[in-house]
Amino acid sequence: MTVKHLPPAVKQLLTLRMPHPRPTPSLSNLTAVLSSTLQDAKAKQAERGWLTLATCTLLTANAPPTIGHLYKFATRDDLESETTRRGLAEALDKAAVMRESALKSCIFVGVPRTILSLANLHDTIEDDVRNALRKTSVRTVTPENVNEIVARGEALWASIYEPHAEKLRNKLGSYHPDFIEFIIQAYGTVLSPLPGGLAVQGNLSRALGSVVGTACLRAEGGVGPQLTSHVFGLLKARNVPGLSEGDYWLASDEGTEWVVRTVDKILDVVKPELGDAPAQAKL
């Protein structure tokens, strides 16, 4: 039997318990904090890291219109005027980085918020950017590439969690035998950098993948052990060969502190209640 409508009682129930994203914060306040943090990032040659952490912070805060606002801020001289957008190449690169950051965020804060934010980004970007973004998946698992994908996941897992990688793997596997396999496969398909480096549209480096985890988990709140693990993962990214100067700085002690503090500055505008939570544990 086809079901075309919700039962009235169920439909009414679904209006309760905050089914909608959080209200959009003051966009003038958001613009101010984006402006100040971007200028700081430029001074540190960390603009790509800034765009990544800002995307993940706003996505996790679950105020989807702020994602479109971030794109306009990052690509236009006047947020309200599409004609002031800078060149296609710059806008395309920033849209691709935001889209990839959002995709990786689903590992840390789930699919629903990722859908809402990606939808807002998709609706905000201009037609020429939308048409130039990659349309074909490069993550389809096949019998020919599955071993390579799992190997990427295993390598990323070790890079983040050593010297405790094996112990943690066994612990998570003891909770459910399929859980750790799912995580390794997700690390290989989504979280790890795609082969090809910057030649791949929107590709995020090993260090920027840890910026995603750090920003999402800091913005989520209440997940201290996982946040600590991924902060360690960012610090350990300094050991990855071939880092750019910006990535190496992000993985430094100073850079990692900057990532956390910059997330907090954006959160103070979009999710201020986190700033009122008492400290309960040492990091």
Side-chain angles (χ1 to χ4, degrees), residues 34 36-60 70 74-75 89-90 92-108 134 138-139 151-162 165 186-219 226-266 283:
L34 292 177
S36 64
T37 54
L38 175 58
Q39 292 308 309
D40 192 27
K42 286 180 176 179
K44 296 172 170 59
Q45 298 184 320
E47 292 177 67
R48 202 174 182 89
W50 170 84
L51 185 59
T52 298
L53 73 83
T55 300
C56 297
T57 302
L58 297 174
L59 180 150
T60 303
L70 173 62
T75 59
E90 178 184 347
L92 177 61
D93 179 61
K94 289 181 176 176
V97 167
M98 291 181 67
R99 192 169 75 156
E100 186 71 10
S101 299
L103 176 67
K104 291 181 187 296
S105 295
C106 74
I107 290 178
F108 301 101
R134 175 169 57 84
V138 294
R139 290 181 163 97
R152 285 207 304 268
E154 298 276 11
L156 181 58
W157 178 269
S159 177
I160 293 172
Y161 299 112
E162 288 292 3
Y187 275 32
T189 53
V190 177
L191 189 57
S192 64
L194 290 165
L198 291 178
V200 179
Q201 189 183 79
N203 205 6
L204 299 186
S205 66
R206 160 70 177 83
L208 290 179
S210 282
V211 169
V212 171
T214 298
C216 287
L217 297 171
R218 182 67 168 185
Q226 290 73 36
L227 171 61
T228 300
S229 291
H230 285 278
V231 167
F232 270 116
L234 178 54
L235 291 166
K236 293 172 187 176
R238 68 182 70 174
N239 299 319
V240 175
L243 285 182
S244 68
E245 184 177 348
D247 280 356
Y248 188 82
W249 182 80
L250 287 169
S252 69
D253 292 3
E254 179 188 2
T256 298
E257 180 181 351
W258 177 83
V259 167
V260 176
R261 290 189 183 277
T262 304
V263 170
D264 287 352
K265 289 176 182 178
I266 298 172
L283 291 183

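Here the structure is a predicted model, which is why all the values come from computation and not from measurement.
- Listed by chain and residue number, Arg169 satisfy the salt bridge (Lys or Arg N to Asp or Glu O under 4.0 Å) test with Glu154 (two or more places apart in sequence, or in another chain).
- Nearest heavy atoms, Ala54 versus Leu34: CB-CD2, 4.5 Å.
- Within the 4.5 Å cutoff, the side chain of Arg139 has heavy atoms near those of the Leu103 side chain.
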_Candidate pair Lys104 and Arg99, rule side-chain contact (heavy atoms from CB on, under 4.5 Å), full reasoning_ = CA-CA 9 Å; Lys104 291 181 187 296; Arg99 192 169 75 156; over 6 Å; no
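- Although no hydrogens or angles enter the test, the distance criterion places no donor-acceptor pair under 3.5 Å between the side chain of Lys42 and the main chain of Glu47.
- To the nearest 0.5 Å, atoms CG (Asp247) and CG (Leu234) are separated by 9.5 Å.
- Partners of Trp157 by ring-ring contact (aromatic ring centres under 6.0 Å, His included), not counting sequence neighbours, listed by chain and number: Tyr161, Tyr187.
- No more than 12 heavy atoms of other residues, nucleotides or ligands sit less than 6.0 Å from atom CD of Glu245.
- Qualifying side-chain hydrogen bond (donor to acceptor under 3.5 Å, both in side chains) partners for Lys94, counting only residues two or more places apart in sequence or in other chains: Glu90.
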_Verdict with reasoning, Leu53 to Ile266, per side-chain contact (heavy atoms from CB on, under 4.5 Å)_ = CA-CA 10 Å; Leu53 73 83; Ile266 298 172; 4.0 Å; yes
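- Atom OG of Ser244 is separated from atom CG of Leu198 by 8.0 Å, given to the nearest 0.5 angstrom.
- Thr214 contributes no side-chain N or O that, together with a main-chain N or O of Val260, makes up a donor-acceptor pair within less than 3.5 Å.
- Applying the salt bridge (Lys or Arg N to Asp or Glu O under 4.0 Å) test to Arg48 and every residue at least two apart in sequence or in another chain returns Asp93.
- For Thr37, the side-chain hydrogen bond (donor to acceptor under 3.5 Å, both in side chains) partners two or more places apart in sequence, or in a different chain, are Trp50.
- How far CZ of Phe232 is from OG of Ser210: 12.5 Å, rounded to the nearest 0.5 Å.
- Here CZ of Arg206 is found 8.5 Å from CG of Leu191. Values are rounded to the nearest 0.5 Å.
- Interatomic distance, NE2 of His230 versus OG1 of Thr228, reported as 10.5 Å (0.5 Å rounding).
- Applying the side-chain contact (heavy atoms from CB on, under 4.5 Å) rule to Glu254 yields the partners Lys44, Trp249, Ser252; only residues at least two apart in sequence or on another chain are considered.
- Of all non-hydrogen atoms in Ala46 and Leu250, the two that sit nearest each other are CB-CD2, 4.1 Å.
- Remark: side-chain polar atoms of Glu100 are not paired, donor with acceptor, to backbone N or O of Gly202 under 3.5 angstrom.
- Take Thr55 and apply the side-chain contact (heavy atoms from CB on, under 4.5 Å) test, not counting sequence neighbours, and it matches Leu51, Ile67, Leu70, Met98, Ser101.
- Taking Thr52 as the reference, nothing meets the side-chain hydrogen bond (donor to acceptor under 3.5 Å, both in side chains) condition, with sequence neighbours excluded.
- For Arg152, the salt bridge (Lys or Arg N to Asp or Glu O under 4.0 Å) partners are Glu148, not counting sequence neighbours.
- Every pair passing salt bridge (Lys or Arg N to Asp or Glu O under 4.0 Å) that includes a residue from residues 231-244 is listed here, sequence neighbours excluded: Arg238-Asp253.
- Looking at residues two or more places apart in sequence or on another chain, you find a side-chain hydrogen bond (donor to acceptor under 3.5 Å, both in side chains) between Glu257 and Arg261.
- Using a 4.5 Å cut-off on side-chain heavy atoms (C-beta onward), Val97 and Asn203 make no contact.
- Between Cys56 and Ser105 the shortest heavy-atom distance is SG-OG, 3.3 Å.
- Among residues two or more places apart in sequence or in another chain, the salt bridge (Lys or Arg N to Asp or Glu O under 4.0 Å) test is passed with Lys265 by none.
- For the atom pair CZ of Arg218 and OG1 of Thr60, the computed distance is 13.0 Å after rounding to the nearest 0.5 Å.
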